[in-house]
Amino acid sequence: MGMTIAERIFSAHCGRDVRAGELVVTKVDFMMGQDGTSPLAVNAFRELGGEKVQDPSRVALVIDHSAPSPLEGVSNLHAMMRAFAAEQGVGIYDVGCGVCHCLLPEQGHVAPGDIVIGADSHTTTYGAINAFSTGVGSTDLAAAMLTGKLWFKVPPTMRLELQGKLQEGVYSKDVALFLAGEITADGATYLAVEYGGEVIDSLSVEARFTISNMAVEMGAKAGLMEADEKTMAWLEGRVTRSCAPAAPDPDADYAEVRECDLGGLTPQVAEPHRVDNARPVEEVEGTPIQEAVIGTCTNGRLEDLEVAARILAGRRVSPEVRLIVAPASRQVLMDAMDRGVAQRLIEAGAAFVTPGCGPCVGTHNGVPSDGERVISTANRNFKGRMGNANAFIYLASPATVAASAVAGKITDPRRML
Amino acid sequence: MDRDMILRGKAHVFGDDVNTDYIISGKYKFKTLDMDELACHCMEDIDPDFYARVQPGDFIVAGGNFGCGSSREQAPLVIKHAGVSAVLARSFARIFFRNAINKGLPAVECDTAGIEAGDELEVDLGAGRVRNLTRGSEAEITPLPAVMMDILAEGGLTAYLRKHGGFEL
Ligand code: SF4
């Protein structure tokens, strides 16, 4: 039997053929920590007796989750990260640079065929550019910083063949939410997911990131796609080193293959408090909302802001709603300014916050009040996720969030296109 | 931790898909590295009295997919600092599972159906068995990969790496 993408990548790193189920120790090509996980990693590094990071050029620390700092405790942890980065010569993306999962590919740290770890669960994002990237904890990150390596169990793979042509008003976020609903929150636990088919082929690289980002919402260890011409074009000017894209063999040995025809898919909304509570927007239309969020590592890229701006152009955010926009990176914000996208959003009534995680994880920038309903482009709607356990979070595409912000209630974006 | 150690305590029962935001909310975890301070908020959003009720040595018992969500290592740490000696679940989300073992908190995969709140349990990691002393039933523990058993036996990844200098498979 042939190999999956994951098996190909691990085999290339190990210098021998390895198969799903095998335990391997391998080089990690790039590693990342954010401000919620790096301070513990720094402590773990010291506890390990670490003096030098094995290869500082393969490490980045990102201050994005609570940036700029809302509290002295957070400020002290940020200072600890800066001191460690300076001491070790590792790269640091400080306040305002953006969300780790937007920055790493944008800044050229990730290439097809790489093995990447991040002390953040949505590290699966870079699977969209054919990297085996997965989330780990702080101590694993510390171990990898010290030794340059980590142990892995090569995962079996679930292949998702996504056929059909997405309708107007239906985006990659709708695909990701639909798949979370179909596969459920633990349907892909311990598995790598491979996405393929016409739907993936037709999407831009930015849109693909949204899907791989949410692979972890099905429990997956990685969310892999093949590198095609679009991928290679996107990487140009970003990644300068040579890379080895990994394609699956036609007779690859998959744990499971599922086919979905998404030609009839309509915009999706995940209802509180589970990501796999996805349903067609028609079923929740009319639910009043008080806050709308566009941004995060799932949907804070230029295309996402553009879609929202198209809907908001010539319209106004409902006076009942606060629309918060958090661009996923400084580059995204600058591009949005260059193209007049930021201006259109602000004119319509949006409040921009610093590029970064924004209000996604409840640290700052838009904690809802008791009983409020929020519609967000983020990837998680757990109770308390945005800082208040008495609020309700609905997940949707940037188009659906923008349309809902205008109407003051959950709204099918196709009415406003 | 001794490989053959036998743990005893009472069960605190939770359902499926307990995520790491529920274990320790993001609104607290970014502020401090003081795990004793964070431990008072353990499970707060789904069981506000948990910290007040839990006794040293007790177990968290859950259904499937325990620890899904973020990669925060604070999750197994606050559970440990709350005095919990092991988490038993039908299945675990993979990052939590790995983090728990790395931090020396036994994550015990076994059939948890039938265990009720307050049941007295005995977890025998060496023999791979969980006994429900209240109900007289037993469940088998899914064995850990050898490298994880070694890490757990050392009390966590830090001690393991200090001893071995690298990963040994
Ligand atoms: S945007 Fe949200 S999901 Fe993404 S890394 Fe930040 S906190 Fe995590």
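Predicted, not measured: the structure shown is a model, and the values here were computed from it. Quick note on labels: first sequence line is chain A, next is B, and so on, each numbered from 1.
Salt bridge status for A:R380 with B:D21: absent, with no side-chain N to carboxylate O gap under 4.0 Å.
With a threshold of 4.5 angstrom between heavy atoms, A:T123 does not approach chain B through any atom at all. Interface residue B:F92: backbone and side-chain heavy atoms are both found under 4.5 Å from chain A. Heavy-atom distances place both the backbone and the side chain of A:L48 under 4.5 Å from chain B. With a 4.5 Å cut-off on non-hydrogen atoms, A:H78 does not touch chain B at all. Of the atoms belonging to A:L150, heavy atoms from both backbone and side chain fall under 4.5 Å from chain B. If you measure heavy-atom distances from B:I151 to chain A, the contacts under 4.5 Å come from the side chain alone. For A:M386, no part lies near chain B; criterion is any non-hydrogen pair under 4.5 Å. Using a 4.5 Å cut-off between heavy atoms, A:N390 does not touch chain B at all. Residue contact with chain B, scored on non-hydrogen atoms closer than 4.5 Å, is absent for A:E22.
Listed by chain and number, the residues in a side-chain hydrogen bond (donor to acceptor under 3.5 Å, both in side chains) with A:E271 are A:R279 (sequence neighbours excluded). Residues satisfying the side-chain hydrogen bond (donor to acceptor under 3.5 Å, both in side chains) test with A:E182, not counting sequence neighbours, are none.
Among the residues in residues 23-39 of chain B, those with a non-hydrogen atom closer than 4.5 angstrom to a non-hydrogen atom of chain A are B:S25, B:G26, B:K27, B:K29, B:F30, B:K31, B:T32, B:L33, B:M35. Proximity to chain A at a heavy-atom threshold of 4.5 Å picks out B:D45 from residues 41-50 of chain B, in numerical order.
A distance of 6.5 Å separates NZ of A:K221 from CZ of B:R98, quoted to the nearest 0.5 Å. B:L157 CG to A:E47 CD: the interatomic distance, rounded to the nearest 0.5 Å, is 11.0 Å.
For the residue pair B:E73 and A:T37, no side-chain donor N or O sits within less than 3.5 Å of a side-chain acceptor on the partner.
Counting heavy-atom pairs closer than 4.5 Å to chain A, the top residue among B:V147, B:T158, B:N99 is B:T158. Contact count against chain B (heavy-atom pairs under 4.5 Å) is highest for A:L40 among A:L71, A:T363, A:L40. Highest contact tally toward chain B, considering only A:S138, A:G384, A:G73, is held by A:S138 [criterion: heavy-atom pairs under 4.5 Å]. Chain B forms the most heavy-atom pairs under 4.5 Å with one residue out of A:D120, A:L146, A:T147, A:V275, and that residue is A:D120. Chosen from A:P70, A:G362, A:G118, A:A185, the residue pairing most often with chain B at heavy-atom distances under 4.5 Å is A:A185. Put simply, of A:T139, A:V74, A:V361, A:N388, the one with the most heavy-atom pairs under 4.5 Å next to chain B is A:T139.
Contact between B:S71 and A:A119 at its shortest, heavy atoms only, is OG-C, 3.3 Å. Considering all non-hydrogen atoms of both residues, B:S70 and A:S121 come closest at CA-OG, 3.5 Å. Minimum interatomic distance between B:R162 and A:R46 (heavy atoms only, all atoms of both residues): NH1-O, 4.4 Å.
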Q | Steps toward side chain to side chain contact (heavy atoms under 4.5 Å, CB included) verdict (B:E168, A:W151) | A | CA-CA 9 Å; B:E168 288 170 17; A:W151 75 270; over 6 Å; no
